[in-house]
Each structure stands twice: as C-alpha cells, then as structure tokens.
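Convention: sequence-line order gives letters A, B, ...; per-chain numbering from 1.
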2 protein chains.
Amino acid sequence: MAPVTTELTSGARSATPTLDEVAVLAGVSRATVSRVVNESPKVSPEAREAVQAAIAQLHYVPNRMARSLVTRRTDTVALVLSEPNTQVFSDPFFASIVHGVSAALADTELTLVLLTARDAREQQKIARFARQGHVDGVVLMSLHSEDLLPDVLSGAGVPLVLCGRPYDGRSVAYVDADNVGGARVATEHLLGLGRRRVATLTGPTDMIAGVDRYLGWQRATEDAGRAVDPSLVAHGDFTEAGGEAAMARLLAQAPDLDAVFVASDPMAVGALRALRAAGRRVPEDVAVVGFDDAAVATTCDPPLTTVAQPLDLMTGELVELLRRQIEGVAAPAETRTCPTRLVRRASA
Amino acid sequence: MAPVTTELTSGARSATPTLDEVAVLAGVSRATVSRVVNESPKVSPEAREAVQAAIAQLHYVPNRMARSLVTRRTDTVALVLSEPNTQVFSDPFFASIVHGVSAALADTELTLVLLTARDAREQQKIARFARQGHVDGVVLMSLHSEDLLPDVLSGAGVPLVLCGRPYDGRSVAYVDADNVGGARVATEHLLGLGRRRVATLTGPTDMIAGVDRYLGWQRATEDAGRAVDPSLVAHGDFTEAGGEAAMARLLAQAPDLDAVFVASDPMAVGALRALRAAGRRVPEDVAVVGFDDAAVATTCDPPLTTVAQPLDLMTGELVELLRRQIEGVAAPAETRTCPTRLVRRASA
DNA sequence: GAGGTCCGTGGAAGCGCTCCCACGAATTTC
DNA sequence: GAAATTCGTGGGAGCGCTTCCACGGACCTC
C-alpha cells in the first residue's frame with residue numbers, strides 16, 4: 001500500500017479534504033465521488049449514499065480552482081461599474097440594477113461579483129481579472145462615451161452584455177430602457193396639460209441615457225409644432241445637487257417656463273428644492289416630471305410624476321442574454337429595448 | 001519530436017496561450033517563463049528579454065486558476081454586505097466604505113469583489129464561495145445581530161475582518177468608529193447650547209451602530225444630570241423615510257423638545273422635513289445634529305451639524321488588518337476603534 | 001447456453017501552473 | 001590548480017479536479 005493511502009486510511013485528515021480522501025473513506029474511486037458531486041445519473045444508489053456520507057463526515061467542499069482548471073468555467077459573473085464618479089454608487093437606479101441582477105442570478109448556480117473601475121488603472125485590473133478566467137461573463141454598466149472597457153472586454157472574447165446602449169453604434173449585446181420613448185411620453189404629458197413653455201433638465205451629454213432623454217424631449221417638442229428654444233435647456237449630471245443648480249440656471253434663462261422634464265429623479269428632487277427657493281409652486285406654477293421612478297419619487301414633496309423603467313424585465317434580460325453567450329448559443333450582439341411607462345403623481 | 005511540440009513550433013497558436021507556448025517561442029523552459037512572470041531575480045537579462053518578447057507577441061495572460069491551484073492564493077478579497085434590505089445599498093455611508101476599501105486596495109495587487117447576501121440562501125452561496133477558495137479574505141459588513149455569516153466564515157478559517165463591532169462580544173477582528181463617543185459629543189454639544197429637552201432618533205436596535213449611538217446620547221444625558229425620558233426617544237431605521245416618520249412620532253410624544261440627536265444623516269434629512277412640516281424652525285426652535293457627515297449634510301436646508309467618521313482611516317485599517325491575517329502575521333482578533341469628530345454647520 | 005447489450009466503476013491522462021531539486025558552467029577561495 | 005561556491009537553467013512532480021476509455025458483471029435475446 002502506498003504511503004499516502006496509508007496516511008489517508010490511518011485517519012489523519014487534512015483541514016481541507018480532497019476528493020481522494022472522500023473516495024478512500026467511501027470505499028470508491030475518485031471518479032465515482034466526482035460523479036456524485038456533479039450529480040451524474042450513472043451512479044448506483046449504494047455508492048451515492050456512501051459518498052454522501054463521507055462528504056458529510058469530512059465536511060468536504062470541492063476546490064473550485066481545480067474544477068475550473070479543467071472545466072474552463074467558474075460559475076461566476078461580474079457586474080462591472082465603470083464610472084469615475086463614486087457618488088453614482090448611491091444612485092438608486094444603480095442600486096436597483098445591482099439588486100435585480102443579483103436576484104435574477106439567485107435562481108441559478110451563478111455567483112455575482114461586483115467590480116468598480118474608477119480610472120484607467122482599475123479598468124486594466126478588471127480587464128486582467130476577466131481575461132485571466134476569473135469570470136464566465138460580464139455585465140457592464142459603462143456610462144461614459146470614452147470608456148475603453150467595452151472594447152477591451154469584447155476584444156478579449158469575454159461574454160459581455162452592456163447595461164445601456166453603447167454610445168457609438170458598435171456591435172455588442174446590450175439591454176436598455178426606451179429612454180427616447182419615455183422622455184417623449186413625459187414631454188407629451190406636460191404639453192397635454194396645456195403648458196406653454198416646457199423646459200428640460202438633461203443628464204450629462206457624454207452618457208447615452210442623457211442624450212436619449214434629451215432627444216425624446218426634443219422630438220415631442222418639435223412634433224407639437226413648438227420651437228426647440230435653447231434657453232429651455234439646462235444640463236445636469238444626474239445628481240440631486242446638479243439638478244438643483246441646473247434648475248436655478250434654467251429659471252434665470254427662462255423665467256416664464258411653466259413645466260420641466262427632468263432626466264432623473266434625484267435631479268428632480270434638487271429641481272423641486274430650487275423651485276421652492278424661487279417661490280414657484282409645483283405643480284401650479286411649474287409642472288415637473290422626472291425619470292426612473294426611484295423610491296424618493298414617492299416621498300418627496302410633492303410626490304413626483306415620473307417615467308418608470310421595467311427594472312425586473314431589464315435585469316432579467318441582462319442575465320438571459322449573458323447566459324446565452326456563456327452557453328455559446330447566442331446570436332451575435334443581441335439587443336433588447338424595454339418599454340417605459342409614465343407614473344402619474346402630484347407634480348404634473 | 002513530439003506532436004505537441006511540432007504543433008507549437010509550426011506556428012499554430014491557441015486562442016489562450018500557455019506557459020509552454022511562451023517557453024517554446026522564447027527558446028527557454030517553462031520554469032524560466034514562470035520566473036519572469038513572477039519577477040524572480042534569478043533570471044539572466046537575455047532570457048528575461050526573450051520571454052518578455054514572446055509574452056508580448058502571444059498576448060500571453062497567466063491562468064489564475066492554475067496558479068491559485070498551486071499557490072493557494074487568489075489575490076482577491078471580498079467585501080460582503082450582509083443585509084436583507086436592499087435600500088441600504090444606496091446609503092452614502094455604505095458607498096463610502098466601498099469606495100474607501102476599493103481605494104486602499106488599488107495600491108496593492110489585490111482585487112476587490114463585492115458580494116451581497118440578502119437572505120440565508122445567498123449567505124450560504126457566499127460562504128461556499130469563500131470556502132471554495134475563491135477569495136483570500138473577507139471584509140464583512142454584517143449589520144444585524146442575528147447574522148450567521150461571521151460565524152460560518154471565521155469557523156471555516158477564512159481571514160475575516162468585520163466593519164463594525166460585532167453585536168455580541170465574540171472574538172473576531174473588526175474596525176469600528178467610536179459611535180458611543182461621537183454620539184456623546186453630539187449630545188453634549190446640544191446640551192452646551194443650552195437646550196433643555198434633547199431628544200434622540202435612534203437607528204435599529206438590532207444594529208450595533210444604532211445601539212452605540214443611543215448609548216452615547218444616554219450617557220451624555222445622564223452625565224448632565226438629566227433624566228433619560230423615554231418620550232424623548234424614537235426608533236428609526238437609518239433611512240430618510242424612517243427618519244421623517246420617527247421625527248413626527250417624536251414631536252407627538254414630546255412637543256416641547258428643543259433639540260434632537262439623529263443617529264444618521266439620511267434620517268436627519270427626513271427629520272428636517274418633518275420638522276418643517278410641523279412648522280418648527282431649525283435651529284431656532286429645534287437644534288439638530290446628525291451622524292456620518294454624508295454629502296447630503298452640506299446640501300440640505302439648513303446644512304447639518306453632524307458627527308464625521310474617519311472613513312479613510314477606517315478603510316485603511318480594514319485592509320491592513322485583513323492583509324495581516326492573509327499573510328498569517330496577525331495577532332488573533334485585532335480590533336480598531338477610530339475617533340469621530342463633530343462638524344459644525346447651521347443646524348445646531 | 002453462447003453472444004450481445006447495458007451499466008456502474010476505476011485507471012489514468014491531463015488542465016496550466018509553481019517550485020523543489022539537480023546540473024553544469026562560471027566564478028571564487030585557499 | 002583543485003575544491004568550493006555561486007548562479008541561471010531545465011526536468012519533473014504534483015496542486016485537486018473532470019472525463020475518456022476500458023473493463024467486468026448482470027441482464028437480455030434468439
């Protein structure tokens with residue numbers, strides 16, 4: 001009998017038991033233990049039972065590194081937030097996406113890891129992480145136009161789905177809300193209320209969501225036969241403070257405005273504050289519509305009329321598209337655009 | 001010549017090149033390539049150069065799974081948020097911790113992955129993930145008293161540091177802010193202003209931070225020779241909405257209060273709103289002190305006097321303690337309590 | 001009852017890497 | 001000038017796992 005076997009049968013147990021140790025204890029071969037662990041049907045009930053008993057007794061946990069080395073899978077996917085501004089982290093929209101993806105993954109054998117890339121160096125680190133085989137796929141929230149990560153990742157052949165349409169027209173799988181449509185409906189609602197001067201507070205122009213929501217406002221304005229007056233436009237950055245400042249500017253530019261479509265709920269909350277500071281009543285003097293249907297939309301004063309995105313649907317599609325790519329059964333660069341919906345509350 | 005070698009030298013390159021292929025191309029052995037990759041000094045300049053050229057030419061990226069299998073290290077640490085309530089995600093304090101830990105790790109070779117556990121099932125998944133050797137260590141934000149993850153993880157021998165003192169007195173490494181001291185100073189400040197009825201809005205009683213901040217208020221109250229009047233206490237949940245509701249209750253219980261220490265800034269913002277709704281002026285009628293020094297403390301109306309935690313220090317210590325455990329040079333269950341500091345603004 | 005099929009099982013190869021050990025050449029020491 | 005040291009290098013074992021392949025026994029078929 002070989003020394004190693006002697007040691008195993010003599011009862012000396014390592015802190016982290018291996019397949020072999022389980023096999024020896026169960027009186028079967030390594031291969032059979034592997035089959036039991038991987039739920040292969042080709043195992044007799046007796047053998048299965050013996051193995052399971054041994055696993056329980058030794059507290060055996062398979063070593064995923066070893067497994068991954070041969071299977072070429074890690075059963076792990078990454079959600080990457082590529083964004084220099086840390087504050088975005090506390091944006092409720094982002095939190096919802098994380099929550100949704102995580103929930104969609106909970107029903108699968110996949111584990112979610114969250115990675116953040118604030119600068120080029122961290123992006124490199126993440127690219128390496130992905131390329132070194134630590135994850136089977138990546139959901140990427142790359143918000144700014146100049147981000148390199150989408151290229152690097154898709155170039156490296158890592159299964160990839162973007163959350164949000166890519167800024168340029170590149171061919172890559174993505175899931176997005178119908179931002180243009182949502183903004184359009186919001187603006188039409190304001191117009192339908194009989195408002196004469198419908199302004200907009202946009203998001204950053206280097207983010208596609210910011211651009212698309214502006215586009216929706218613009219189209220609705222044009223379709224209503226109104227001129228697209230530059231003084232009715234102010235740019236924000238999707239944050240509450242940015243929204244407050246932009247609203248103040250907007251009031252200075254266009255004191256006669258009587259409605260405003262704001263490109264995100266946090267910005268709308270800031271806008272509400274600026275409006276109050278300026279002595280304008282909402283919705284009597286100025287009607288306000290936000291975007292996102294964040295939790296704060298129900299608690300602010302007045303409760304916010306806003307455009308809701310189907311988050312569950314979106315995160316579900318995100319995971320679905322990614323899994324298909326991982327399985328290798330995906331059509332190249334599949335995309336989904338999910339419908340939005342106006343939620344009426346008191347602000348418009 | 002063996003077939004495999006023929007294939008390698010004949011120019012056929014796999015999509016993901018291995019050490020062997022680099023070795024063949026560079027005309028050295030696998031061992032030498034490994035030395036170059038791992039920056040061993042025992043390599044001649046010529047060999048190093050040849051290897052580096054080959055690596056560049058093949059776009060070689062080491063397979064971390066294979067490496068981990070033998071080194072028993074992954075160079076990855078996890079930040080685990082064990083918290084059923086998803087909304088906590090958008091809490092600025094949490095975002096700051098993530099940011100800080102991530103920044104502290106950016107200077108090292110370690111990669112950070114973020115994991116969330118909302119229920120027992122996800123906790124199991126994470127425990128498995130850690131035990132299977134996917135991470136070298138864990139920073140755990142386990143906020144509630146009944147959480148099992150600390151036990152499971154430390155029981156499994158995974159290097160572990162808690163962010164926040166454990167609820168019970170268990171022996172485990174942790175880093176925490178001096179919540180009791182901070183709350184005490186805040187309360188003393190209110191008392192020092194000459195306020196007669198200093199109330200408090202607490203956090204959840206199953207979170208140690210909630211308990212400690214209440215304790216600080218209590219001690220300061222007692223030390224000032226005041227009675228700890230139950231009607232001066234209302235419980236919140238660290239959220240803005242919860243703070244608003246609790247403040248409304250507090251005003252009903254103790255209409256004569258003239259100061260309130262609020263256990264978190266988001267709650268304080270809610271409290272400010274409730275106070276305004278009730279027609280109380282801040283700070284004239286009611287002085288308010290918050291906790292956390294979140295970004296919102298500077299933008300709300302009036303700007304919030306609050307207790308700041310040394311986040312950089314805390315996250316630095318967190319990473320330091322964890323690294324020491326990973327290196328195996330840590331004393332058992334090291335702990336750090338970081339000093340807090342009162343930041344005076346307009347609300348008190 | 002001889003040949004065929006099926007099924008559970010174990011042996012063994014190998015995933016890509018690190019690292020111990022031994023080897024030979026260059027350098028040093030007495 | 002012989003022995004000892006140093007240094008860069010390559011061979012090879014092995015990390016823990018999956019999976020192909022072959023084997024033997026139980027079962028069926030004509």
| note | Among C:dT18, C:dG10, D:dT18, the one nearest any side-chain atom of A:Val70 is D:dT18

| request: Would you indicate what A:Val37 reaches in the nucleic acid, counting non-hydrogen atoms under 4.0 angstrom: base, sugar-phosphate, or nothing? | output: nothing

| field | Integer-rounded Å distance: C:dG10 C1' and A:Lys42 NZ | value | 14 Å

| Value in whole Å for how far the P atom of C:dG14 lies from CZ of A:Arg30 | 14 Å

| If we only count heavy atoms from C-beta on, is the A:Arg118 to A:Thr116 side-chain gap below 4.5 Å? | yes

| query | For the atom pair OG1 (A:Thr315) and NE2 (A:His99), what is the distance rounded to the nearest 0.5 Å? | reply | 8.5 Å

| task | Figure out the CD/P separation between B:Glu21 and C:dG16, and round it to whole Å. | result | 8 Å

| message | Of the options C:dG10, C:dG16, C:dC17, whose atoms approach the side-chain atoms of B:Tyr60 most closely? | response | C:dC17

| task | Mind calculating the distance between CZ (A:Arg73) and P (D:dC17) to the nearest angstrom? | result | 18 Å

| said: Just the rounded figure in Å: distance from P of C:dT18 to CG of B:Asn63. | reply: 10 Å

| field | A:Ser34 vs D:dT18: side-chain N/O to OP1/OP2 distance below 4.0 Å | value | yes

| task | With the side chain of A:Leu69 defined as its heavy atoms from C-beta on, choose the nearest nucleotide among C:dC15, D:dT9, C:dG10. | result | C:dC15

| With side chains defined as the heavy atoms from C-beta onward, is the minimum distance between A:Leu115 and B:Leu114 less than 4.5 Å? | no

| field | B:Asp75 with B:Arg73: basic N within carboxylate O range, under 4.0 Å | value | yes

| Side chain of A:Arg72: nearest nucleotide among D:dC20, D:dT18, C:dC15? | C:dC15

| field | Gap between atoms CD and C1', on B:Glu49 and D:dT9 respectively (whole Å) | value | 18 Å

| field | Options C:dC17, D:dC21, D:dT18, nucleotide nearest the side-chain atoms of A:Arg35 | value | D:dC21

| request: For the side chain of B:Ser44, starting at C-beta, report the closest nucleotide among D:dT9, C:dC19, C:dG8. | output: D:dT9

| task | Return no unless some side-chain N or O of A:Ser29 is found under 4.0 Å from OP1 or OP2 of C:dT9. | result | no

| field | Enclosure of A:Asp151 CG (heavy-atom neighbours >12, cutoff 6.0 Å) | value | yes

| request: Starting from C1' on D:dC17, measure out to CD1 on A:Ile55 and report it in whole angstrom. | output: 13 Å

| said: Checking contacts here: which listed nucleotide (C:dT9, D:dT9, D:dG10) is nearest the side-chain heavy atoms of B:Val43? | reply: D:dT9

| query | For atom CD of B:Glu327, is the number of surrounding heavy atoms from other residues, nucleotides or ligands below 6.0 Å larger than 12? | reply | yes

| OP1, OP2 of D:dG16 versus side-chain N and O of A:Thr18: anything below 4.0 Å? | no

| A:Asp20 CG to C:dA12 C1': how many Å, rounded? | 13 Å

| said: From C-beta outward on B:Leu19, which listed nucleotide comes closest to its side chain: C:dT9, C:dT18, C:dC15? | reply: C:dT18

| task | Have a look at B:Thr32 and say if it touches a base, only the backbone sugar-phosphate, or nothing, with a 4.0 Å heavy-atom cut-off. | result | sugar-phosphate

